[in-house]
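The structure appears below as C-alpha cells.
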Amino acid sequence: MILAVIIIYLALVLSLGIFSHRFFRNTGEDYFVASRNISWFMLLMSLFGTHMTAFSILGASGEAYRKGIGVFALMASSSAIIVPCVFLFVGTRLWKLGKKFGYMTQVQYFRERWESQSLGLLLFIVLVLLLIPYLLIGVMGGGDTLAKITDNKIPKWLGGLLICGVVLCYVTYSGMRGTAWVNTFQTLIFMGLGGVTFFVIMHRMGGLSTALENVTTSENVATSLLMQKGHIKPLQLLTYTCIPLSVGMFPHIFSHCLTAKDVSTFKYPIIFYPLCIAVVWVPSVLLGIVGNIDFPNLERGEVNTVLIKMIHQHAPGVLAGLLGAGVFAAIMSSLDSQTLSIGSMFTNDIVRPYLNKKGQEQISDKQHVWIGRLFVICILSITYIISLIANTSIFKLGIWSFTGFSGLFPIVVAALFWKGSTKAGVLGSIISVIVLWLYFFIKHWNTAGYTVGETGIMPVAVLILVSSITLITVSLFTKPPTTETIGKFFTD
C-alpha cells in the first residue's frame with residue numbers, strides 16, 4: 001500500500017511535468033529560463049523548494065538527532081535572515097542584468113564582466129564539481145526513503161534510480177517551465193505533509209510536551225539535546241551564518257532568479273521566505289530530537305533515516321505512503337533545478353563559446369535544447385553511480401558543498417558592486433577557494449564536528465576571508481576591465 005501511494009504520487013508529478021510541455025516554445029530561453037515570465041508565487045515556491053533539499057528534511061532531522069535543538073540555530077535561523085537579503089541585494093540585480101543582456105547562466109555574466117574566457121571555464125568546472133555532492137544528497141535521500149519506508153523491499157539502488165528517472169523525464173522534456181510547475185506543486189506538498197507528519201507523530205507519542213519530557217527523562221537520551229550548550233561552540237554557531245551565503249552562488253538559484261517576470265516579482269518571495277523556513281525546519285529538528293526515544297544509539301550512517309523510521313513506526317499504511325511522498329517532494333524539488341542548471345551551463349558556457357568554430361553557423365535553438373538535455377542525462381547518471389557507493393551523512397555532505405559555494409560569494413559581490421575588481425583578482429580568489437576547500441576536505445572529512453584549530457570556527461569562514469582578501473589585494477595591483485565594460489555594467 002505504501003509503495004502504491006508513492007508510485008501514484010510520482011506518476012502525478014511526472015504527468016504535471018509532461019503536461020507543462022504544452023506551453024513550451026521550443027527555444028533555448030524558454031527551456032532554460034521559462035521565457036522570464038514566472039509569477040511571484042511560483043518564484044517563491046521554486047526558490048524555496050529548490051533551496052530546501054533532503055538536507056533540510058532528512059539531514060536536519062538526522063543532525064538534530066545527534067546535536068539537539070542547536071541545529072535550528074545553525075542553519076534555519078541564519079538562513080531566514082541572510083537568504084532574503086541575498087535575494088534583495090544580489091538576486092534582483094542579477095535578474096536585471098540577465099534581462100538586459102540575455103544571460104542564462106552566471107558564468108556568462110562573469111565572463112563578460114571581467115573580459116575573460118579562461119575565468120568562465122574555470123568557474124564552470126568548479127561550480128559543476130561543487131554541485132555533484134548537492135545532487136548526491138537528493139539521490140541518496142530518495143534511495144534511503146524508499147528502502148526504509150518499505151522495510152527494504154525496495155532496495156536503495158532502485159529508489160535512487162526511480163527518483164532519477166522521474167526527474168530526468170520531466171526536466172529533459174519540459175525544461176524550466178515544467179520544473180517551475182512541478183516545484184510549485186511539490187513545495188506545497190512537502191510543506192503541507194511535513195506539518196501533517198509532525199502532528200501525527202506527536203499525537204502518537206502523547207503530544208509535544210510529553211515527547212520532550214520523555215527526551216529529558218529517558219536513560220538512553222542525553223538531556224542536553226534540548227539545550228545548545230555542550231553540543232555547539234559559540235564561534236561555530238557564529239561562523240555557521242556564513243553557510244547561507246552560498247545561495248548567492250548556486251547556479252540553480254541564479255537560474256530561477258532569471259525566470260522572474262519583473263523585479264517586483266521578488267517582493268513577496270523575500271517577505272515570506274523566513275516563514276517558509278520555519279514551517280519546514282521546526283518540525284524536522286523537533287522530530288530528529290524525539291527520534292532518540294524510539295531509536296536510541298543509531299549508527300552514524302543510520303541517522304539520515306531517523307525521520308523515515310519514525311514515519312514507518314507511528315504512521316503505517318496509506319498515511320506512511322503520503323508522508324513518504326512528502327519527503328520525495330522535498331528531494332525532487334531540488335534535484336530537478338540543479339540538473340537543469342548544469343545542462344544550461346554546459347550549453348551556454350562550453351558549447352556556444354568553445355565548440356562553435358569561428359565563421360561557422362551558430363547552433364540553432366533546437367540544438368541548444370538537445371545539448372542541454374544530453375548533458376543533464378550525463379550528469380545525473382554519474383551522480384546516481386556515485387550514490388551506489390557513497391555512505392555518509394547527508395547533513396555533512398551538504399555543509400561541504402555549501403562551504404565551497406559560500407567561499408565564492410565575494411566574487412558575485414565584487415562583480416555587482418566594485419568597479420575596480422579585476423580578472424586576476426577573481427582568478428586568485430577562485431584558486432584560493434579551491435586550495436583551501438581541498439585542504440580542509442581531504443584532511444578533515446572524517447573528523448566529526450571539525451572546526452579550525454578546535455576553536456569552533458568553521459572552514460567556510462576561512463574560505464570567505466581568504467577569498468575576499470585575495471580578490472581585493474590582487475585587484476588593487478592589476479589592470480581593471482576596460483572603460484567600455486565598466487560602463488556597460490555600471491550604468492544607472
Side-chain angles (χ1 to χ4, degrees), residues 29 32-40 42-44 46-48 50-51 79 81-116 119-120 123 127 176 242 244-274 337 341 344-345 348-349 405-423 425-426 429-430 464 467-468 471-472 475 480-492:
E29 185 175 50
F32 291 117
V33 292
S35 297
R36 308 179 198 272
N37 197 33
I38 294 297
S39 67
W40 73 263
M42 290 186 70
L43 182 65
L44 169 62
S46 295
L47 288 173
F48 183 70
T50 298
H51 193 203
S79 294
I81 298 170
I82 292 173
V83 173
C85 289
V86 173
F87 290 157
L88 176 62
F89 295 106
V90 174
T92 55
R93 286 170 168 81
L94 292 175
W95 173 86
K96 181 180 178 181
L97 291 167
K99 179 76 171 179
K100 184 176 182 179
F101 300 113
Y103 297 139
M104 296 187 197
T105 73
Q106 57 200 142
V107 172
Q108 286 179 307
Y109 167 49
F110 293 136
R111 186 196 302 124
E112 293 189 13
R113 170 65 179 83
W114 286 296
E115 305 169 334
S116 174
L119 187 152
L123 196 56
L127 291 176
M176 178 58 81
C242 296
L245 292 174
S246 58
V247 76
M249 282 299 294
F250 284 152
H252 46 291
I253 294 293
F254 181 88
S255 296
H256 277 293
C257 285
L258 295 182
T259 66
K261 190 173 184 178
D262 53 53
V263 73
S264 65
T265 307
F266 286 87
K267 178 180 178 180
Y268 292 108
I270 291 171
I271 293 172
F272 291 123
Y273 207 87
S337 299
S341 68
S344 179
M345 286 195 298
N348 293 292
D349 302 328
F405 283 111
S406 297
L408 297 172
F409 183 71
I411 295 173
V412 72
V413 174
L416 292 171
F417 300 104
W418 187 23
K419 297 179 183 179
S421 58
T422 70
K423 172 183 70 175
V426 175
S429 179
I430 296 172
I464 292 176
S467 172
S468 300
L471 194 157
I472 294 170
S475 292
T482 62
T483 304
E484 290 77 14
T485 297
I486 297 298
K488 175 180 178 180
F489 292 105
F490 286 93
T491 54
D492 302 325

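The structure presented is a predicted model; accordingly, all values stated were derived computationally and were not measured.
- Counting only heavy atoms from C-beta outward, the side chains of D349 and L123 never approach each other to under 4.5 Å.
- In this structure F101 satisfies the ring-ring contact (aromatic ring centres under 6.0 Å, His included) test together with Y103, F489, sequence neighbours excluded.
- Here the side chains of V426 and F110 are not in contact, with every heavy-atom distance at 4.5 Å or above.
- Atom OG1 of residue T483 and atom CZ of residue F490 lie 13.0 Å apart, to the nearest 0.5 angstrom.
- Between atom CG of residue L258 and atom CZ of residue R36 there is a gap of 5.5 Å, rounded to the nearest 0.5 Å.
- A 4.5 Å side-chain heavy-atom check between V413 and F89 finds every atom pair outside the cut-off.
- Taking every heavy atom of both residues into account, Y273 and P84 meet most closely at CB-CG, 4.0 Å.
- For the atom pair N37 CG and M42 CE, the distance stands at 10.0 Å (nearest 0.5 Å).
- Smallest separation of non-hydrogen atoms from P269 and L43: CG-CD2, 4.1 Å.
- Between the OG atom of S344 and the CZ atom of F254 there is a distance of 9.0 Å, given to the nearest 0.5 Å.
- In summary, the side chains of N348 and T105 do not present any donor paired with an acceptor at a separation below 3.5 Å, with no hydrogens or angles considered.
- Side-chain N or O atoms of S246 include none that pairs as donor or acceptor with a backbone N or O of S406 at under 3.5 Å.
- Taking each heavy atom of I81 and C85 in turn, the nearest pair found is O-SG, 3.3 Å.
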*asked:* Determine whether L471 and W418 satisfy the following criterion, side-chain contact (heavy atoms from CB on, under 4.5 Å), listing intermediate values before the conclusion.
replied: CA-CA 11 Å; L471 194 157; W418 187 23; 3.6 Å; yes
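- For K488, the NZ atom is densely surrounded, since the number of other residues' heavy atoms within 6.0 Å is greater than 12.
- C257 contributes atom SG, which lies 12.0 Å from atom CG of L97 (distance to the nearest 0.5 angstrom).
- Residues F409 and S468 have side chains not in contact (no heavy-atom distance under 4.5 Å, counting atoms from C-beta outward).
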*Check the pair M249, V412 against side-chain contact (heavy atoms from CB on, under 4.5 Å), reporting the backbone distance first and the verdict last.*
CA-CA 7 Å; M249 282 299 294; V412 72; 4.0 Å; yes
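- Judged by distance alone, with hydrogens and angles left aside, the side-chain atoms of R113 form a donor-acceptor pair with the main-chain N or O of A415 at under 3.5 Å.
- By the 4.5 Å heavy-atom criterion applied to side chains, C242 and I464 are counted as neighbours.
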*Hey, mind stepping through L408 and L127 against side-chain contact (heavy atoms from CB on, under 4.5 Å) and telling me if it holds?*
CA-CA 9 Å; L408 297 172; L127 291 176; 4.0 Å; yes
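- Residues I411 and W114 form a side-chain contact, since some pair of their non-hydrogen atoms from C-beta on lies under 4.5 Å apart.
- One distance of note links CG of L245 with OG of S79; it measures 9.5 Å at 0.5 Å rounding.
- Listed for the S255 side chain is a donor-acceptor partner under 3.5 Å among the backbone atoms of P251.
- Of all heavy-atom pairs between S475 and G425, the closest is OG-CA, 3.6 Å.
- Contact of the H256 side chain with the M176 side chain is registered, since non-hydrogen atoms from C-beta on lie closer than 4.5 Å.
- The shortest side-chain heavy-atom distance between L47 and V83 does not fall under the 4.5 Å cut-off.
- Minimum interatomic distance between Q108 and M104 (heavy atoms only, all atoms of both residues): OE1-N, 2.5 Å.
- Summarising the geometry of I486 relative to P481, their closest heavy-atom pair is CG1-O, 4.1 Å, with the distance given to 0.1 Å.
- Side-chain N or O atoms of T265 include none that pairs as donor or acceptor with a backbone N or O of S39 at under 3.5 Å.
- In this structure, the side chain of E115 engages the main chain of T482 through a donor-acceptor pair within 3.5 Å.
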_For I38 and V33: C-alpha separation, side-chain torsions, deciding distance, then whether side-chain contact (heavy atoms from CB on, under 4.5 Å) applies._
CA-CA 9 Å; I38 294 297; V33 292; over 6 Å; no
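- In this structure a side-chain-to-backbone donor-acceptor pair under 3.5 Å is present from W95 to A260.
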